[in-house]
Colleague: 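Dropping a structure here in C-alpha cells format, bear with me for questions.
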Amino acid sequence: MAAVPGMFDVFLNHRGPDVKGGFASHLYQALEEAGCRPFLDKPSLEKGQPGQKKIYEALGCASVHVAIFSEHYADSDYCLDELCAMLESKKPIIPVFYNVSPSVLRCEADDGPYTKALKIHGRASASEVKKWKDALHTAADWNGFKLDDYNGDEAQLKTTIVSKVWDHLRPSQLPLVAPYQVGLEETSKKLIETLNQMEKDVGVLSLVGMGGIGKTTLAKKIYCHFEKDDKFEKKSILMDVRESAILDLQKQLAHDLFRKDVRSAKEFNECFNHVMDRKVLIVIDDIDKKAQFDKLIPDINKLAHSSRIIITSRDSNVVNNIEKNGNCKYSKHEMALLTITDSRHLFNWHAFNSIDAIDDFRELAEKAANACCGLPLALEVIGCFLFDKREECDLERTWPQTIKTLSEEKDIFDKLKISYNDLSPEARMMFLDIACFMIGQREHIAMQIFEGCKFDYKRPATYFSSIKDKRLVKLDEDRRIVMHDLLRDMGRQVVRNESHNMEKGTPSHLWDPEMVQQVLQNKEGTNKVRGLSTFGIGRGGIGATNVAENYIGMNRLHFLLLDGDNVKGDFSTWSRELIWLQWMNSDLSALPSELDLRKLMVLDLTSNKELMQIWPNDLEV
C-alpha cells in the first residue's frame, strides 16, 4: 500500500549536529524565499508524523537533492542511507563540501573523519559499508560546491546553491505547451505586445471563446514567454478554476506569490493585503463565475504597478463583469476558429506526423479536417484516432464512416466520443475513472490504484497507453494526468447517460456534489457505485457526508475521496473493496477500527492536523 507524499521540490541531506543550526537552516530559508519547497526534517515534519517514513517520502517526491557533506556526515547511517537512495533515484544531486574536501569522502587518509566513521559502524554489515563507500566515492567525483572556494562566505555559497537548484527546477515548472501549434504565433506576439503596452498600469488580458478552441494553450504560451525573463518578480498559473476548490487555489496562489501556507480564506485575504508589493504575473484558467476572480484577487488595486493577469473563460459576460473591477487596463481577445489551412495542418500532424497527408488519404484527410469545424481539440483527438488506420479496409470504411459521423453530429461531445467509442471496454472504464476522480493525480499513483482493481483491469498499463495514444489524456511536466475540460465533461456525460438507462439510476461514479448529497441522504448507494467524492460539498458541518451509515449499500466501492468530512457512526457496513481512500482536512486522530482495508493500495490522509497514528492499536493490516 502506498501513502501519497507531500509536495517538496528540494531534499536537504545533511548531518544535523554539524549544520542544522546554521548553514542548513539558512539554506532552507533561502530556498523558501526563492519560491522552492525544500524539505529539512525538523521544520518540515508535522506533529504526529512518523519521522523516518516521512523523510523518505520527501526524498522520493523531491525533484532535486542537495547533499551537504560535513565533517561528521559519515557518522550517521541515516545520512549514508539517504545518499544511497538519492543515487538510486537518478534525480539531480547538488553536492556541497562544507569544511571537507572530496578526498575526505574517498577515505584517502587512514585518520580521516570518514575513514574512521566507516570503521566504527558496528551494526552495519560488510555489504552495507561497501555500498556506503561506493556512494561516497561517487559523490567525491561530482563537480560540487566547496565552502573553501568562497573563502568561507556562507552567504555567497548559499546564493549560488539556490541559483543552481532553480536551474534544475525551472524546466519542470513551466506549464506544458502543445509540441505542435498552428495559428498561435502571430496571435501570441500581438497579445504579448498588448500586455507590454499597458506599461505601469495593472493589466488584465482576457481570452474568451468556446471550449476546445485553444484558450489555455495560448495563455500558457504567453506565460512561458514571460517566464524566460525577470520582468515579473513572482508568477503563478492556476489551471481549471471552474472545477477546483477555491481554497485550494488560494493556497497555491499564496505559496506561489508570498511563500506562505494559508489554511483559510481569511488568512489568504490578510496575506494578499499585506504582501502585494511586487510585480506579479497570474494566469487564471477557465473561470465561469465572477466570484471566482474576486476570491482569488480580493482587491485588484492592491497589485503592484505593472502586474499582469491573464484570464481564460468561455463566458464573455463573466469577463465583462470582471472588467468593471478597479482602476486597471483591460483587453479582451475573442478566440477565432482555425482557418481551413491551419485546420488541415493540425489534423495531418496528429494523423500522419506531418503537415501533409499520405497521398491515398489526402482527399479524406481534407474532409475529416473540415468536419472538425476549425476546433483544435477535435482536430487533435480525431487525428490521433485515425493515426493507425491506414489499411485498405480503413481507406474504404473507417475513414468515410468517421467523416460521415463528424459531419452529422453538431454537438462537440458526439464528435469527441468517436475516439472514446473506439476504446476497449476496460479502457473506456479507465477513462471514466480518470474523468471523474483522477485528473491531477500522479501517473505512478494512478497505476497503483488501477493495479489494485484486478477484476477490472488485467493489463492496466496497456489500457492507459491506449487512452494516452488517442490524446484523451496527457501527462504534464510532473507526470500528472491532465485531461481537457471538454473531454472530462464528455466522460462525465457518459456516466450520467448510463445511470439514466439503469433501473435504479445511481451513477457508477459519484462526483457531483448535489448527486452525492442526494445519494447519501436517501441511502441510495448500490453495488453499481464504483467511486464517490465529497469534494466541493463544503468542509465540516453535520451533513449527509458525515454519517457513516449513509455509505451503506456500496459494497463494490473502489474509490472514496472525503474532504473535510468528520464522519461518525458505524463503519462496519463500508465497502471491503476499497482500493483508494483519500480522507483530507478532518479531525481524524486514527482510522476507524471497523474499516476493512485489506485491499487498499493508496491511502492519502493529507492535512489531518489531529492525526496521531494511522492504525488503531487493535487493527492489523
Colleague: Do you see a donor-acceptor pair shorter than 3.5 Å between the side chains of S313 and D315?
Modeller: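 D315 and S313 do not have a side-chain donor-acceptor pair below 3.5 Å.
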Colleague: Can the ring centroids of W511 and F437 be said to lie less than 6.0 angstrom from one another?
Modeller: no
Colleague: With side chains defined as the heavy atoms from C-beta onward, is the minimum distance between S508 and V495 less than 4.5 Å?
Modeller: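 They are in contact (side-chain heavy atoms under 4.5 Å apart), so the answer is yes.
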Colleague: Taking ring-ring contact (aromatic ring centres under 6.0 Å, His included) as the test, write out the residues that go with F385, two or more places apart.
Modeller: none
Colleague: With no hydrogens and no angle check, is any side-chain donor or acceptor of Q582 less than 3.5 Å from a backbone partner on L605?
Modeller: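 No, Q582 side chain to L605 backbone: no donor-acceptor pair under 3.5 Å.
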Colleague: Check the side chains of N585 and D563 for a donor-acceptor pair under 3.5 angstrom, ignoring hydrogens and angles.
Modeller: yes
Colleague: Residues two or more places apart in sequence or in another chain: which of them pass side chain to side chain donor-acceptor pair (under 3.5 Å) with S244?
Modeller: none
Colleague: Hey, is K290 close enough to D294 for a salt bridge, meaning N to O under 4.0 Å?
Modeller: yes
Colleague: What residue pairs, at least two apart or across chains, pass ring pair (Phe, Tyr, Trp, His ring centres under 6.0 Å) with a residue in residues 459-485?
Modeller: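 Matches after skipping sequence neighbours: none remain.
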Colleague: With a 3.5 Å distance limit and no angle check, can you tell me whether D394 reaches the backbone of E391 through a side-chain donor-acceptor pair?
Modeller: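 Yes.
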Colleague: Please lay out, stage by stage, how R492 and D485 fare under the test salt bridge (Lys or Arg N to Asp or Glu O under 4.0 Å).
Modeller: CA-CA 10 Å; R492 293 179 176 184; D485 53 5; over 6 Å; no
Colleague: When you measure from the side chain of W574 to the backbone N and O of Y551, does any donor-acceptor pair fall under 3.5 Å?
Modeller: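 No, the answer is negative, given that no donor and acceptor are paired below the 3.5 Å cut-off.
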Colleague: Does the side chain of L346 reach to within under 4.5 Å of the side chain of P376, using non-hydrogen atoms?
Modeller: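 They are in contact (side-chain heavy atoms under 4.5 Å apart), so the answer is yes.
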Colleague: Identify, with sequence neighbours excluded, every residue that meets side chain to side chain donor-acceptor pair (under 3.5 Å) alongside N522.
Modeller: E524
Colleague: Please walk me through it: do N555 and S575 pass side chain to side chain donor-acceptor pair (under 3.5 Å)?
Modeller: CA-CA 4 Å; N555 297 329; S575 171; over 6 Å; no
Colleague: Excluding sequence neighbours, so at least two apart, what forms side-chain contact (heavy atoms from CB on, under 4.5 Å) with Q521?
Modeller: A544
Colleague: Going by atom types only, do D489 and Q493 share a side-chain donor-acceptor pair under 3.5 Å?
Modeller: no
Colleague: Among residues at least two apart in sequence or on other chains, which ones pass ring-ring contact (aromatic ring centres under 6.0 Å, His included) with H558?
Modeller: none
Colleague: Scan for salt bridge (charged side-chain N to carboxylate O under 4.0 Å, His left out) pairs involving residues 408-418, sequence neighbours excluded, and state none if there are none.
Modeller: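 Counting only pairs at least two positions apart or across chains, the salt bridge (charged side-chain N to carboxylate O under 4.0 Å, His left out) contacts touching residues 408-418 are K404-E408.
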Colleague: Could you pull out all residues at least two apart from E396 that satisfy side-chain contact (heavy atoms from CB on, under 4.5 Å)?
Modeller: E392
Colleague: Would you confirm whether D476, through its side chain, and R480, through its main-chain N or O, come within 3.5 Å as a donor-acceptor pair?
Modeller: yes
Colleague: State which residues pass side-chain contact (heavy atoms from CB on, under 4.5 Å) with A435; sequence neighbours excluded, sorted by chain then number.
Modeller: M483
Colleague: Please evaluate residues S63 and D9 with respect to the criterion side chain to side chain donor-acceptor pair (under 3.5 Å), reporting the C-alpha separation (whole Å), side-chain torsions for both, the decisive distance (0.1 Å), and the verdict.
Modeller: CA-CA 5 Å; S63 301; D9 296 320; 5.1 Å; no
Colleague: Is it true that a side-chain atom of K470 and a backbone atom of D422 form a donor plus acceptor pair closer than 3.5 Å?
Modeller: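 Such a contact is absent between K470 side chain and D422 backbone.
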Colleague: Kindly write out the residues that satisfy side chain to side chain donor-acceptor pair (under 3.5 Å) with K599, not counting sequence neighbours, or none if the list is empty.
Modeller: E577
Colleague: Are K474 and E380 ion-paired here, with the side-chain N under 4.0 Å from a carboxylate O?
Modeller: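 Here K474 pairs with E380 in a salt bridge, since their nearest N and O are under 4.0 Å apart.
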Colleague: According to ring-ring contact (aromatic ring centres under 6.0 Å, His included), who are the partners of Y457, at least two apart in sequence or on a separate chain?
Modeller: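 Only F450 meet the ring-ring contact (aromatic ring centres under 6.0 Å, His included) criterion with Y457.
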Colleague: Considering all heavy atoms of both residues, which atom of S343 and which atom of L338 are nearest to each other, and what is their separation?
Modeller: OG-CB, 3.4 Å
Colleague: Who passes side chain to side chain donor-acceptor pair (under 3.5 Å) against D286, sequence neighbours left out?
Modeller: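 By the side chain to side chain donor-acceptor pair (under 3.5 Å) rule, D286 matches R242.
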Colleague: Cut-off 3.5 Å, side chains only: do D565 and T534 have a donor facing an acceptor?
Modeller: yes
